[in-house]
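The structure appears right after this line, and notes come after that.
Order of the sequence lines sets the chain letters (A, B, ...), proteins ahead of strands, with each chain counted from 1.
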Amino acid sequence: MIRLRNSLTRGVEEFEPLDPDNVRMYVCGPTVYDRAHLGNARPVVVFDVLFRLLRHVYGAEHVTYVRNFTDVDDKINAEALRRQKAGAKGSLEELIRARTEETIAWYHADMDALGALRPTHEPRATEYIGQMIAMIAGLIAGGHAYEAEGHVLFRVRSYRDYGALSGRSVDDMISGARVEVAPFKEDPLDFVLWKPSDAELPGWDSPWGRGRPGWHIECSAMSRELLGESFDIHGGGIDLQFPHHENEIAQSHCAHPEAAFARYWLHNEMVMVDGKKMSKSLGNFFTVRDLLDKNIDGEVIRLVLLMTHYRRPMDWTEAKVQQATAIISHWGTLRRRLEKISIKPQIDPSFVDDEFLAAIADDLNLPQALTRLGRLKMDAELSGSDQATIDSFFSSLAFLGFENLAPSRAAISAAVEAAIGGVERIGVLVERLKSLRAAKSWAEADSLRDSLVGAGLKLQMGKGGEIDWEYSPDLDLKKLKALE
RNA sequence: GGCGGGUUGGCGGAGAGGUUACGCAGCGGAUUGCAAAUCCGUGUAGACCGGUUCGAUUCCGGUACCCGCCUCCA
């Protein structure tokens, strides 16, 4: 049984899909104008875990997960225009396309590094303009939208339940409104479905002239197209609850009055840095790529994100990075130890621990699941060589997306290649240490050992004289090279 | 101003009205040529003030402080 906290009802509810043969989830994706920052990564990882859980429970073939790319946006336009003015070749449309293509490729690379599975569909807004226009036309026909000065606006007063998701009333919001009210709006809260584009902006022909869609309509149109008028789960950051999700609900309900639209609304809390929400507008953000480039492994970032329950704000700190690195390193050490005695963990969904799954199914209680994981690890350690116990631990780890278990190794190897010509060079140094120790040349051996450790290698000496090693996050390639 | 969330041991971070959360770090031990790694052992904290209760960190009320949304934002 999966239980989820539904923002719509403010309570934890048992999850029952409309159709167990096709469980459907939509999550708001990024606006692709720049590298994804860590805040963008949190919903990706959180809903990745939910996706994995749904696949586990209903079968991988029976879950459809849609996450969009918003590739029509004034920030993208501005960047394309900036490039054109800086001398870039091509039409504005081409420059926009180039920018969004580039950003999507970055996004995929960065989210892949975090161990997130690709969604079933990743629609781009610009490929669903026709559906948006059709939906807007329907809203006008139904009296829920109106045209004014080349814009089409949604008539908020036409949807009785407007404000239900975020718990506000239209009247309250208007009284405390800080929005700049366009003169052609009937009501200050009416929002744009379609806006006109001048020659410097990308645009599509529509019944209301050449223009482009407002922000909210794309999610309504794409979810309708790919998941149907009613579907199961809609997710996103809590900062989208109002107005974005509220507006989506209003549009979709008015366009398809008989349908339920999204039934369970899930919102993740924000990523904080120095006690403040990480956001582009505050400028206190760093990108996932920044972290990866600092040799912080994707699995470490993933674990840090999962150590805090998704409905709590998560503070990004150096201490957490170290803690997560230590944990993953311990997992990897156990696996290597087992492999040395010829025990290879078998990874299979059916081996995943039930209690561990139950914690995840309880509104994605990952801290609880990680606690259970600690217990499974201890069992695996104490079991001696009991294959089932070992398989259970490692299958559970793999379920959560932890399979490499070598913090820093993947991220660092390219740098090692460049600096000293490959990992084999480290192997040579370790071999030298091994022979010195075998010859009981303790003074030389200890000196080399200390140098290797000082250069940022973690060494583990085995009983039979073998030496296992891994990178520590503070690897110093210059020092390592000097040892050769 | 309106609405919502939070405050747990050195740090991170959960559940549960009454029994050890757990992890990281630390400390002690085993092991080791010395170390590292690993293993074993070790921690009674719950912002403040009231209330309910046989009993509250857990429920209720209030106070303080912090954070988010109300404007593009994951």
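- For the pairing with A/Arg124, the side-chain hydrogen bond (donor to acceptor under 3.5 Å, both in side chains) check across A/Thr100, A/Thr70, A/Asn68 returns one residue only, A/Thr100.
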Provide a list of protein-nucleic acid N or O atom pairs under 3.5 angstrom, restricted to nucleotides 56-58 of chain B.
none

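- Of the candidates B/A37, B/A74, B/A14, the closest approach to any side-chain atom of A/His309 belongs to B/A14.
- At a cut-off of 3.5 angstrom, the base of B/G33 holds at least one donor-acceptor pair with the side chain of A/Arg437.
- In summary, A/Lys344 and A/Glu339 engage in a salt bridge, as defined by a charged side-chain N under 4.0 Å from a carboxylate O.
- Nearest nucleotide to the side chain of A/Gln323, out of B/A74, B/U38, B/G12: B/G12.
- The side chain of A/Asp446 approaches B/G33 more closely than any other nucleotide in the set B/G33, B/U38, B/A74.
- For the pair A/Arg312 and B/G68, the criterion of a side-chain N or O lying under 4.0 Å from OP1 or OP2 is not met.
- In the set B/G12, B/A74, B/A14, the nucleotide with an atom closest to the side chain of A/Asn365 is B/A14.
- Taking CD of A/Gln368 as the start and CG of A/Asp363 as the end, the distance is 12.5 Å to the nearest 0.5 Å.
- A donor-acceptor contact shorter than 3.5 Å is absent between the side chain of A/Arg52 and the backbone of A/Leu400.
- With distances taken from any side-chain atom of A/Gln460 to the nucleotides B/C39, B/A37, B/C70, the minimum falls on B/A37.
- The CD atom of A/Glu299 lies 8.0 Å from the CZ atom of A/Arg302; values are rounded to the nearest 0.5 Å.
- A/Lys280 forms a cation-pi arrangement with A/Phe285, by the criterion of a distance under 6.0 Å to the ring centre and an angle within 45° of the ring axis.
- Distance from the side chain of A/Asp239 is smallest to B/C69 among B/C67, B/C69, B/A14.
- Checking the phosphate oxygens (OP1, OP2) of B/C39, a side-chain nitrogen or oxygen of A/Lys377 falls inside 4.0 Å.
- Straight-line distance between the C1' atoms of B/A56 and B/G68: roughly 29 Å, to the nearest whole Å.
- Comparing B/A74, B/C70, B/C34 by their nearest atom to the side chain of A/Arg449 picks out B/C34.
- Ranking B/G68, B/G12, B/C34 by closeness to the A/Lys320 side chain, first place goes to B/G12.
- At the phosphate of B/C66, neither OP1 nor OP2 sits under 4.0 Å from any side-chain N or O atom of A/Lys276.
- With rounding to the nearest 0.5 angstrom, the CG atom of A/Leu376 is 12.0 Å from the CD1 atom of A/Ile390.
- Using a 4.0 Å heavy-atom distance criterion, A/Val271 is classed as a base contact.
- Taking the P atom of each, B/U57 and B/G50 are spaced 13 Å apart, rounded to whole Å.
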Can you tabulate the close N/O pairs, meaning under 3.5 Å, that link protein atoms to atoms of nucleotides 16-22 of chain B?
residue : atom : partner  : partner atom : Å
B/A21   : N1   : A/Thr371 : OG1          : 3.2

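- For A/Met378, counting side-chain heavy atoms from C-beta on, the closest listed nucleotide (B/C24, B/C69, B/C40) is B/C40.
- Stem regions annotated for RNA chain B: B:1-7 with B:64-70, B:10-12 with B:22-24, B:26-30 with B:38-42, B:47-51 with B:59-63, counting only runs of 3 or more consecutive pairs of Watson-Crick or G-U type with both contacts under 3.5 Å.
- Residue A/Glu101 qualifies as enclosed at atom CD: its count of foreign heavy atoms under 6.0 Å is above 12.
- Rounded to the nearest Å, the gap between the P atom of B/U58 and that of B/A21 is 16 Å.
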